[in-house]
Visitor: 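Right, I'll just put the structure down here and ask away after.
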Amino acid sequence: MATTSTTPFPRYKSTDLTKFAHLFKRDAELWRRFLVSTIAQGYTAFDYDIKVGQFAVAAIKFPTPANLLQAGTLAKRIDAVGFLPSGKVDLFEVKPASVAAALGQLLLYSDLFESTFPNLPINRLVLITESIDTESLDFAKKNFIFVYQV
């Protein structure tokens with residue numbers, strides 16, 4: 001099975017502790033720790049390396065080799081999408097450090113996700129990290145971003 005897709009699909013269970021597309025080694029270690037948590041058990045499944053934005057839309061509408069190549073190389077990428085029993089999804093960014101960048105990514109990616117996949121409602125944005133400073137945590141709360149420290 002391919003590790004990425006053009007459209008998010010609930011392909012992986014929380015017990016699938018395999019290689020994760022688009023995650024660096026340290027990010028993947030964090031994600032594995034999250035997957036064995038009780039919070040992760042609330043999801044029906046996950047998908048990884050979700051492409052969003054103009055290049056993803058072009059590949060979905062017109063899946064030519066050129067458009068698929070551009071989506072694979074130029075599209076913005078969400079680390080993971082978690083599927084909930086309600087039919088909604090959570091968007092995940094996994095960063096051991098650089099949480100300010102991750103918070104900005106989540107805000108941008110949520111907007112792009114909504115325009116790329118208007119039929120998949122977002123429940124919440126989630127940052128998976130090892131640590132976070134008080135100012136960043138306050139910003140996350142103000143912007144309704146859930147922070148999970150592992």
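The chain is numbered in sequence order, starting from 1. Basis for what follows: all heavy atoms, side chains included, without hydrogens, waters or symmetry-related copies.
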Visitor: Establish whether Phe146 and Val150 are linked, either directly or via other cluster members, by ILVMFWY side-chain heavy-atom contacts under 4.5 Å.
Guide: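 Linked, Phe146 and Val150 end up in one cluster.
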Visitor: Where do Tyr48 and Ala80 come nearest, in terms of heavy atoms and distance?
Guide: CD2-CB, 3.7 Å
Visitor: With Lys95, which residues qualify under salt bridge (Lys or Arg N to Asp or Glu O under 4.0 Å), at least two apart?
Guide: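 Expected list: Glu93.
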Visitor: Hey, what do you get for CD (Glu130) to CD (Glu29), rounding to the nearest 0.5 Å?
Guide: 8.5 Å
Visitor: If the condition is side-chain contact (heavy atoms from CB on, under 4.5 Å), which residues does Asp133 pass it with, not counting sequence neighbours?
Guide: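 Asp133 satisfies side-chain contact (heavy atoms from CB on, under 4.5 Å) with Val99, Glu135, Ser136 once adjacent residues are dropped.
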Visitor: How close do Leu84 and Gly42 get, heavy atom to heavy atom, and via which atoms?
Guide: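 Where Leu84 meets Gly42 most closely, the heavy atoms are CD2-O, 4.0 Å.
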Visitor: Looking only at heavy atoms, what is the nearest atom pair of Ser110 and Ile122, with distance?
Guide: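 That closest heavy-atom pairing would be O-CD1, 3.6 Å.
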Visitor: With rounding to the nearest 0.5 angstrom, report the CG to CG distance, Leu107 to Leu112.
Guide: 11.0 Å
Visitor: Output the distance between atom CG (Leu23) and atom CG (Leu30), rounded to the nearest 0.5 Å.
Guide: 9.5 Å
Visitor: With a 4.5 Å cut-off on side-chain heavy-atom distances among I, L, V, M, F, W and Y, is there a chain of contacts connecting Ile60 to Val52?
Guide: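 Linked, Ile60 and Val52 end up in one cluster.
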Visitor: Measuring only between side-chain heavy atoms, which start at C-beta, is Lys51 closer than 4.5 Å to Asp49?
Guide: yes
Visitor: Ignoring hydrogens, what is the shortest heavy-atom contact between Thr116 and Gly53? Give both atom names and the distance.
Guide: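 Taking every non-hydrogen atom into account, OG1-N, 2.9 Å.
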Visitor: Using a 4.5 Å cut-off on heavy atoms from C-beta on, say whether the side chain of Ile132 contacts that of Leu127.
Guide: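 Yes, their side chains come closer than 4.5 Å.
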Visitor: Can you tell me how far apart CG (Leu125) and CD1 (Ile145) are? Round to the nearest 0.5 Å.
Guide: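 Going from CG on Leu125 over to CD1 on Ile145, the span is 5.5 Å.
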Visitor: Is a donor on one side and an acceptor on the other found under 3.5 Å between the side chain of Asn67 and the backbone of Phe62?
Guide: yes
Visitor: Between Gln54 (side chain) and Ala75 (backbone), is there a donor-acceptor pair under 3.5 Å?
Guide: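 No; zero donor-acceptor contacts below 3.5 Å.
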Visitor: From Leu74 CG over to Leu69 CG, what is the distance, rounded to the nearest 0.5 angstrom?
Guide: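 Reported value, rounded in 0.5 Å steps: 7.5 Å.
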Visitor: Among residues two or more places apart or on two chains, list those pairs meeting ring pair (Phe, Tyr, Trp, His ring centres under 6.0 Å) that have a residue in residues 86-113.
Guide: Trp31-Phe92, Phe34-Phe92, Tyr43-Phe92, Phe113-Phe117
Visitor: Determine, stepwise, if the pair Leu91 / Ile50 fulfils side chain to side chain contact (heavy atoms under 4.5 Å, CB included).
Guide: CA-CA 10 Å; Leu91 307 184; Ile50 306 306; over 6 Å; no
Visitor: Do Phe83 and Pro8 have side chains that get closer than 4.5 Å, going by heavy atoms?
Guide: yes
Visitor: Consider only side-chain heavy atoms of I, L, V, M, F, W and Y, link residues closer than 4.5 Å, and tell whether Leu68 and Val57 are in one cluster.
Guide: no
Visitor: Look up atom NZ in Lys76 and atom CG in Asp111, then write down how far apart they are to the nearest 0.5 Å.
Guide: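 Taking NZ in Lys76 and CG in Asp111, the distance rounds to 11.5 Å.
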Visitor: In the structure I gave you, are the side-chain heavy atoms of Leu103 and Asn143 within less than 4.5 Å of one another anywhere?
Guide: no
